[in-house]
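Only one structure is covered here, and it is reproduced in the block below.
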Amino acid sequence: MRLFTALLWLHKPAPLMHGSTDPEGRCMGPSRIQQQDMHEPSIPSAEPSVTTLPAAPPLRPSQLLARVGVLALLWWVVAGGTASSWIVGIPAIAAAALLARPAPDAGWRLSLPGALRFTTFFLRESLRGGLDVARRVSAPRPRIAPGLLHYHWRLPSGSPARALFALCASLLPGTLVANVSEQALLIHALDMGAPVGDDLAALEQRVAGLFSLELSAPEPGHG
């Protein structure tokens, strides 16, 4: 009988409790390995802490409409007014308007009235500038005086308003952005006798209104 009990004890699995037992089943307290672990100092975790950034505020309906209007205008300009391009443009504009969110501290926000004023200004100036350029180059003696102009920024650095202004300055007839720096743009003008600086200042003001930005008054002969 004792031999049978000893064989059962030899084949019994090791206990999973924190303490060990003797052959009679009595608790012997924590094992040596557990006692050693209890005296080992704890090692702090080396995982870096994760900082959660504040979520961007939800878009208001007016901001969403302004974003859709700006994206639709840019698509129309890039696509050259091709009607078939809207098959791809409409879902692309909808996805971009819903998914793109500005940072909470971006310092700007889209304005629906500003978007309407910007769109009206851009279309009017595109038509007026196109007719003026066509009249100048088709005259018996072309009335052009090309040259370069340095136009100093009034829009704040780091905002998307600067990129939009540079794009529109190149798209409007008679002007082309040759270089962009932190302080100014280098503009190639078709006629330096025209009020190029005033036209660019008016465009910059419309772009600022689109992004709800306040600009300082342009200096006389701003350029």
Side-chain angles (χ1 to χ4, degrees), residues 62-63 65-81 93 96 100 102 106-139 141-223:
S62 59
Q63 293 176 317
L65 289 176
R67 179 171 294 182
V68 170
V70 173
L71 293 174
L73 174 62
L74 293 177
W75 183 272
W76 175 75
V77 172
V78 172
I93 291 169
W108 59 268
R109 60 181 179 83
L110 291 174
S111 168
L112 180 57
L116 296 176
R117 287 192 292 267
F118 170 78
T119 303
T120 303
F121 173 84
F122 185 83
L123 295 177
R124 184 184 70 243
E125 291 301 309
S126 297
L127 178 61
R128 183 185 66 85
L131 294 175
D132 181 68
V133 171
R135 184 173 60 254
R136 289 174 181 273
V137 299
S138 61
R141 299 180 62 181
R143 296 179 294 108
I144 58 175
L148 295 174
L149 167 72
H150 285 277
Y151 183 84
H152 294 275
W153 292 107
R154 289 184 296 154
L155 292 167
S157 176
S159 69
R162 282 195 172 191
L164 181 61
F165 173 77
L167 175 64
C168 292
S170 292
L171 293 174
L172 289 176
T175 55
L176 178 67
V177 176
N179 189 34
V180 178
S181 67
E182 185 64 24
Q183 292 77 26
L185 298 92
L186 182 61
I187 303 292
H188 180 273
L190 185 64
D191 185 8
M192 293 297 294
V196 180
D198 294 340
D199 293 342
L200 292 174
L203 172 62
E204 191 177 22
Q205 189 66 48
R206 294 301 188 279
V207 173
L210 171 62
F211 291 93
S212 302
L213 297 172
E214 295 291 336
L215 297 182
S216 60
E219 299 178 359
H222 181 67

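The shortest non-hydrogen separation linking A72 to I93 is CA-CD1, 3.6 Å. Across all non-hydrogen atoms, the minimal contact from E182 to S157 is OE2-OG, 2.5 Å. Taking each heavy atom of G130 and P173 in turn, the nearest pair found is N-CG, 3.4 Å.
Between the side chain of T175 and the main chain of A189, no donor-acceptor pair closer than 3.5 Å is present. Checking side-chain atoms of Q183 against main-chain N and O of H152 turns up no donor-acceptor pair under 3.5 Å. Panel note: side chain S159, backbone P156; a donor-acceptor pair is recorded below 3.5 Å.
Rounded to the nearest 0.5 angstrom, I187 CD1 and M192 CE are separated by 10.5 Å. Between atom CZ of residue R162 and atom CG of residue L167 there is a gap of 15.5 Å, rounded to the nearest 0.5 Å. For the atom pair F211 CZ and L164 CG, the distance stands at 5.0 Å (nearest 0.5 Å). To the nearest 0.5 angstrom, H188 atom NE2 is 9.5 Å from L186 atom CG. Atom CG of L215 and atom CZ of R206 lie 11.5 Å apart (nearest 0.5 Å). Rounded to the nearest 0.5 angstrom, F122 CZ and L127 CG are separated by 12.0 Å.
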*side-chain contact (heavy atoms from CB on, under 4.5 Å) between L171 and S126: does it pass, once the steps are laid out?*
CA-CA 8 Å; L171 293 174; S126 297; over 6 Å; no

_side-chain contact (heavy atoms from CB on, under 4.5 Å), that's the test. Do L155 and V207 meet it? Break it down for me._
CA-CA 9 Å; L155 292 167; V207 173; 4.2 Å; yes

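One finds a salt bridge joining R136 and D132 here, because a Lys/Arg side-chain nitrogen approaches an Asp/Glu carboxylate oxygen to under 4.0 Å.
The only member of L203, V177, L200 that meets side chain to side chain contact (heavy atoms under 4.5 Å, CB included) when paired with C168 is L203.
Taking the six-membered ring for Trp and the full ring otherwise, the centers of F118 and F165 sit at least 6.0 Å from each other.
Contact annotation: the side chain of Y151 never approaches that of V196 to less than 4.5 Å [non-hydrogen atoms, C-beta and beyond]. Using a 4.5 Å heavy-atom threshold, the side chains of D199 and R128 count as touching.
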